[in-house]
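A quick write-up on the structure given underneath.
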Amino acid sequence: MGIPKFLNIWGTHQFWVGFFQSLGVGRIVFSSDTSEEQYREYGKGRITMDSCFPVKALAGHMGELLHKDINLLFVPMIYSLPSFLKGHVVDTLSCTRVMMSVENIKAGFLREKNEFEERGIAFVSPFVPFAEPELLPKYLWESLKEHIPGLTLEETAKAVKEGFRALEDFERKMREKSLEIIRWCVKNNRPAILVLARPYHMDPGIGHDIDGEFQQYGFPVLWYNYLPLDDWLLEWLFGEEIRAGIIRSYFDISDVWTSSYSSNTNEIIWGAKFSARFPWITGVIRLSSYECGMDQPTFTPVQKIVESSGTLFFKFGELDETKPAGSVKIRVETIVYYLEKYSQDIIKKKLSRLGAVPSQLLV
């Protein structure tokens with residue numbers, strides 16, 4: 001079983017591991033991180049005219065897996081995504097261009113000859129609505145039953161539950177790790193940086209490993225999608241606004257964002273609100289790929305939310321397949337200068353707006 005490590009797989013990979021392990025699939029092979037070499041060797045000649053580099057990079061991931069020892073290539077078309085935002089958001093849709101990229105890139109492997117058939121590899125691409133888990137067993141069973149002998153709908157339903165359990169376990173561990181980092185910042189009065197981006201920007205070939213550059217300067221880096229969600233912490237940050245009637249729950253973003261359509265976008269907006277309130281996050285790094293249509297409307301709101309609290313905001317926009325390593329290093333050095341100069345003042349100002357620091361942060 002081969003799964004390309006691309007786009008929305010970055011936020012759901014643990015589901016797929018739990019799902020296929022429950023079905024007894026012997027070995028799951030993920031493609032490598034995105035790289036120029038992968039793109040040139042395996043994606044050349046199979047790419048559509050798409051301005052989104054993360055979409056184009058899928059060709060390299062699929063092509064690489066065709067050279068691995070697999071007999072099934074699984075590339076889900078993810079329509080909606082699981083999200084930690086509950087209650088006061090409209091939907092959890094994924095980017096339509098990202099969802100349909102599977103069919104677009106697949107066409108590149110069929111244009112001159114059927115490369116899947118030639119290599120004896122079955123291609124499976126189910127429609128996946130994570131936000132409607134009751135539909136998942138049927139869609140996945142119908143796409144896999146021809147390729148996994150004897151597979152039943154009941155077994156598939158059980159595997160879906162195992163997949164969600166694996167994903168929840170992974171995210172819980174990541175949030176615990178983030179809380180551990182936050183407590184270290186509180187104990188040592190050290191600033192942290194929050195990254196607002198798409199999950200696939202964790203791929204060093206898409207996000208250019210910018211978060212790693214900051215870690216080299218001693219700044220802990222948090223990602224919005226794994227922030228701790230403990231009630232006592234969210235009560236400290238958002239409780240007064242609920243009682244004042246500004247928001248209806250810790251996860252309500254309607255006070256700053258009414259166009260609630262995309263899961264990642266909603267979470268980025270909420271991450272901006274979190275960063276604006278949490279004292280020890282003194283800098284926010286926004287990453288976005290070239291001409292990302294889903295990100296474009298959020299640029300100004302996110303920057304305003306973050307900067308309204310005095311938190312420093314920096315944007316690395318229009319990331320693409322070029323190699324900006326030199327310019328990234330220069331910008332990181334500049335940003336580090338400002339973080340070192342202003343972080344302690346930012347921490348003091350943000351603390352002055354909140355009540356006493358929760359005892360759970362001081363352990």
Side-chain angles (χ1 to χ4, degrees), residues 2-13 30-67 73 75-79 81 93-109 111 125 195-214 223-225 262-265 267-268 285-299 302 314-332:
I3 303 178
K5 195 166 63 179
F6 81 113
L7 297 169
N8 287 327
I9 295 295
W10 278 88
T12 61
H13 62 291
F30 286 99
S31 54
S32 310
D33 290 340
T34 301
S35 68
E36 187 176 325
E37 293 73 23
Q38 179 196 59
Y39 181 57
R40 286 181 171 168
E41 184 169 355
Y42 302 113
K44 191 166 54 179
R46 303 182 178 94
I47 298 166
T48 58
M49 294 300 290
D50 197 306
S51 60
C52 176
F53 176 66
V55 164
K56 288 191 289 190
L58 172 58
H61 287 268
M62 285 173 53
E64 180 191 316
L65 287 171
L66 290 183
H67 290 77
L73 181 58
V75 194
M77 291 196 299
I78 300 176
Y79 170 72
L81 288 157
L93 295 179
S94 67
C95 170
T96 51
R97 175 185 282 178
V98 166
M99 181 188 75
M100 292 308 299
S101 65
V102 178
E103 286 297 317
N104 291 336
I105 300 299
K106 175 188 171 186
F109 289 87
R111 187 167 50 202
S125 178
V195 176
L196 298 178
R198 303 276 158 182
Y200 53 71
H201 286 112
M202 294 179 187
D203 181 342
I206 301 294
H208 299 289
D209 206 17
I210 290 171
D211 53 340
E213 292 286 337
F214 286 100
W223 282 72
Y224 76 94
N225 36 345
S262 155
S263 171
N264 287 158
T265 299
E267 292 174 4
I268 285 171
I285 307 300
R286 181 74 196 271
L287 307 181
S288 184
S289 294
Y290 178 70
E291 287 192 355
C292 177
M294 300 295 281
D295 280 350
Q296 295 279 353
T298 71
F299 288 153
V302 165
F314 305 96
K315 176 167 166 261
F316 290 77
E318 308 215 339
L319 295 171
D320 55 23
E321 68 266 41
T322 58
K323 284 186 173 179
S327 59
V328 165
K329 286 184 182 298
I330 291 172
R331 287 200 63 195
V332 167

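Just so you know, these numbers use all the heavy atoms, side chains as well, and skip hydrogens, waters and symmetry mates.
- Qualifying side chain to side chain contact (heavy atoms under 4.5 Å, CB included) partners for D209, counting only residues two or more places apart in sequence or in other chains: P204, D211.
- The line from CG of L287 to CE of M202 is 10.5 Å long, rounded to the nearest 0.5 Å.
- Between H61 and D33 the shortest side-chain heavy-atom distance does not fall below 4.5 Å.
- The side-chain heavy atoms of I206 and W10, taken from C-beta on, include no pair separated by under 4.5 Å.
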Handout entry: Steps toward side-chain hydrogen bond (donor to acceptor under 3.5 Å, both in side chains) verdict (R40, S35)
Key = CA-CA 9 Å; R40 286 181 171 168; S35 68; over 6 Å; no
Handout entry: Steps toward side-chain contact (heavy atoms from CB on, under 4.5 Å) verdict (R97, V55)
Key = CA-CA 8 Å; R97 175 185 282 178; V55 164; 4.1 Å; yes
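- With sequence neighbours excluded, no residue forms a ring pair (Phe, Tyr, Trp, His ring centres under 6.0 Å) with F314.
- A distance of 8.5 Å separates CD in E267 from OG in S262, rounded to the nearest 0.5 Å.
- Closest approach of I268 and A197 over heavy atoms only: CD1-O, 3.6 Å.
- Residues passing the side-chain hydrogen bond (donor to acceptor under 3.5 Å, both in side chains) test with D203 are T34, sequence neighbours excluded.
- Considering only residues two or more places apart in sequence or on other chains, S94 meets the side chain to side chain contact (heavy atoms under 4.5 Å, CB included) condition with N8, L81, M99.
- Considering only residues two or more places apart in sequence or on other chains, K44 meets the salt bridge (Lys or Arg N to Asp or Glu O under 4.0 Å) condition with none of them.
- A distance of 6.0 Å separates OG in S31 from CD in Q38, rounded to the nearest 0.5 Å.
- Between P4 and I9, every side-chain heavy-atom pair lies at or beyond the 4.5 Å cut-off.
- Under the salt bridge (Lys or Arg N to Asp or Glu O under 4.0 Å) criterion, R111 pairs with no residue at all, not counting sequence neighbours.
- In this structure, the side chain to side chain contact (heavy atoms under 4.5 Å, CB included) partners of F299, at least two apart in sequence or on a different chain, are R286, S288, D295, Q296, K315.
- A search for ring pair (Phe, Tyr, Trp, His ring centres under 6.0 Å) contacts involving F214 returns nothing, not counting sequence neighbours.
- Here the closest non-hydrogen pair linking F30 and L65 is C-CD2, 4.1 Å.
- Looking only at side-chain heavy atoms (C-beta outward), H13 and K5 stay at 4.5 Å or farther from each other.
- Residues meeting the ring pair (Phe, Tyr, Trp, His ring centres under 6.0 Å) test with Y79, sequence neighbours left out: F127.
- A donor-acceptor pair is defined here as one N or O able to donate and one able to accept, closer than 3.5 Å; no such pair exists between the side chain of H67 and the backbone of Y42.
- Qualifying side-chain hydrogen bond (donor to acceptor under 3.5 Å, both in side chains) partners for S289, counting only residues two or more places apart in sequence or in other chains: H201.
- Residues G205 and F53 approach most closely at O-CE2, 3.9 Å, considering heavy atoms.
- The salt bridge (Lys or Arg N to Asp or Glu O under 4.0 Å) search around K106 returns none, not counting sequence neighbours.
- Between H208 and D320, the shortest heavy-atom contact is NE2-O, 3.0 Å.
- In terms of modelled atom types and a separation under 3.5 Å, the side chain of E64 and the main chain of S32 share a donor-acceptor contact.
- Remark: S125 pairs with M77, V102, E103, F123 by the side chain to side chain contact (heavy atoms under 4.5 Å, CB included) rule, at least two apart or across chains.
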Exercise for the section: Run the numbers on L196 and W223 for side-chain contact (heavy atoms from CB on, under 4.5 Å), then give the verdict. Expected result: CA-CA 7 Å; L196 298 178; W223 282 72; over 6 Å; no
Exercise for the section: Evaluate side-chain contact (heavy atoms from CB on, under 4.5 Å) for N264 paired with Y224, printing each intermediate quantity in order. Expected result: CA-CA 10 Å; N264 287 158; Y224 76 94; 3.9 Å; yes
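- In this structure, CE in M294 is found 9.5 Å from OG in S263, a value given to the nearest 0.5 Å.
- Minimum interatomic distance between A59 and F109 (heavy atoms only, all atoms of both residues): O-CZ, 3.5 Å.
- Taking both residues in full, the closest heavy atoms of Y200 and P54 are given as CE1-CG, 3.6 Å, listed atom of the first, atom of the second, then distance.
- Once rounded to the nearest 0.5 Å, the distance linking CD1 of I210 with CD of E213 reads 8.0 Å.
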